[in-house]
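Read through the structure below, which is laid out as structure tokens, and then see the notes.
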Amino acid sequence: MAQDAEGHAAFSLATTASTLAKHRDDTAAHRRAGFSALSSNGDIWGRAGIGRSWLQSLVAASPVVLAPLASVSIFITLARFDGSLSEFAAAAAREGFWNLLALYGPKLTYKGLVAMVYWVGLQAVLYKYLPGETAVGQYTPAGYLLSYRINGLQAWIITHLLYAGLSFFGIIDPGFIPRNWSSLVAAMNLAGFVVSGLALVKAYVMPTHPEDRKFSGSSLYDFYMGIELNPRLGNGFDLKLFTNGRPGMMAWTLVDLSNMAYQYQKQGYIEPSLILMTILQTIYVLDFFVNESWYLRTIDIAHDHYGFYLAWGCFCFLPTTYTIQGQYMGLYPTSANSLYLGLVFAVGLAGYALFRSVNYQKDAVRMSGGKCLIWGKPAEYIVATYKTSDGKEHSSLLLCSGWWGFSRHANYVGDLFLSYSMCALVGSTNVVVWLYAFWMTVLLVHRCKRDEKRCSTKYGAAWGEYCKRVPWRFIPGIW
Ligand code: NDP
């Protein structure tokens, strides 16, 4: 797809046949391109390549062991220790962590495995066969511009209607998920490891875009952070978009709703806290699917490679830890007073409004080539150039007005307000119900730092100019 020096007028969703044909030609040419991707000042941009020591790799890849242990520890804490991490820790010290794991840890069963196979199979069929408009992502470091079929919203609706329908006709128990959580957690862990292993093998034996692979020199680190940027099965089945959206985000609301059903079955009514929390999380998940084409231009798709971090993360970490609040309330029904719930819910909605508004502004300026109004005034932006490894020069617009003139990541601030509200709605001081918000804080601060490094290498002086104009990362005067 052509991209003129003026910027991104050509970035409007490439749905016409002629644009897509041109895009395919470009992509074929890029297959012959070299390996590194150059910024305007000649540096490599994209994920860091070879150069880290074995110790750095070991530390960086430690979540391969620690994250699954954390996920099963959380499971045991919720199931056996009333959601008290301190009681879990005391028991682990007394009886030994591995003994606790053997006694109370998730147990893989045939039922859990079958449920997992059906779940992933259903999502794969919906992803592949549901119709949808075509959208394009960002230029990759090697110069590919990939197209994607956007059908996540339809898949979300069908999945949830199917669950409701099967429950209504008594074919499945609406509280199936919490009732079989042990075997599902085990199956999700297993699936995450299997898919991560297959991704590693695929990257070596049948890579989709060889020039966009990154090798760190450490197989462990490569397993963790991934080698391929956009692995695909055949032409259209994009493993990264599928994994992040379908077994990951799609499961989130289903787990919440099933916990609601479970709570109802147990006590005959649903606590307002659980209803409000589920509303906030449903808004967040639906936002993802309604704006699925926007997601193609975020860091997950444009920058992160496909390995354990994304694959296990979306097959297991997301469905098991992003849903802790729902799991907790399903097991231990509780509700704070209405005033507290109303205030926290309002803060959550405000956080979501900020999150959406910031993300919208960035997409609006990029999709319109800068010809849009931000807060009622013409958008102000810097034209930043960069090169892909085929030597072609491209340009991006860095928005400097609206929220993007307020701070460089106001969208993360909105997300954090929302995350803390989701946890606060539970109304508990148990640390376990706050883990999602703590995780998001660490994730987004870390993400902000690594994104800045990448943008600085990609755009050189133009990024420096943007940082001068907008010196604050999250909140002016604070950070
Ligand atoms: P952004 O959507 O902020 O994307 C960052 C990228 O945008 C940069 O790499 C750069 O990419 C481009 N960019 C940077 N500055 C500007 C600017 N001034 N104008 C225009 N483009 C700019 O971040 P993420 O992809 O991390 O997150 C997207 C959303 O998803 C966020 O709201 C975040 O909170 C949320 N999120 C949620 C997670 C969860 O687990 N719940 C996990 C991660 C994110 P380039 O120039 O190369 O296009």
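Values reported hereafter were calculated over all heavy atoms of this structure, with side chains retained and with hydrogens, waters and symmetry mates removed.
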Between [X] and [Y], do the side chains contain an N or O donor and an N or O acceptor separated by less than 3.5 Å?
{"X": "Y306", "Y": "T243", "value": "yes"}
{"X": "T253", "Y": "Q281", "value": "no"}
{"X": "W252", "Y": "T282", "value": "no"}

When you measure from the side chain of [X] to the backbone N and O of [Y], does any donor-acceptor pair fall under 3.5 Å?
{"X": "N180", "Y": "S183", "answer": "no"}
{"X": "W404", "Y": "V358", "answer": "yes"}
{"X": "K240", "Y": "H305", "answer": "no"}
{"X": "D256", "Y": "T278", "answer": "no"}
{"X": "T457", "Y": "K453", "answer": "yes"}

| request: Give, for atom OG of S218 and atom OH of Y224, the distance between the pair rounded to the nearest 0.5 Å. | output: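 Spacing of OG (S218) from OH (Y224) equals 12.5 Å.
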What do you reckon, are the aromatic ring centroids of [X] and [Y] less than 6.0 Å apart?
{"X": "F215", "Y": "Y204", "result": "yes"}
{"X": "Y295", "Y": "F288", "result": "yes"}
{"X": "W472", "Y": "F406", "result": "no"}
{"X": "Y139", "Y": "Y144", "result": "no"}

| task | Test D287 against Y352 for side-chain hydrogen bond (donor to acceptor under 3.5 Å, both in side chains), laying out the working first. | result | CA-CA 9 Å; D287 178 277; Y352 167 72; 2.6 Å; yes
| task | Measure the shortest side-chain to side-chain distance between F75 and L101 over non-hydrogen atoms and say whether it is less than 4.5 angstrom. | result |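 No, every pair of side-chain atoms sits at 4.5 Å or beyond.
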| Is it true that E452 and R408 make a salt bridge, defined as a side-chain N closer than 4.0 Å to a carboxylate O? | yes
| Under-4.0 Å salt bridge between R447 and D304 |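 Counted as a salt bridge, because a side-chain N and a carboxylate O are separated by less than 4.0 Å.
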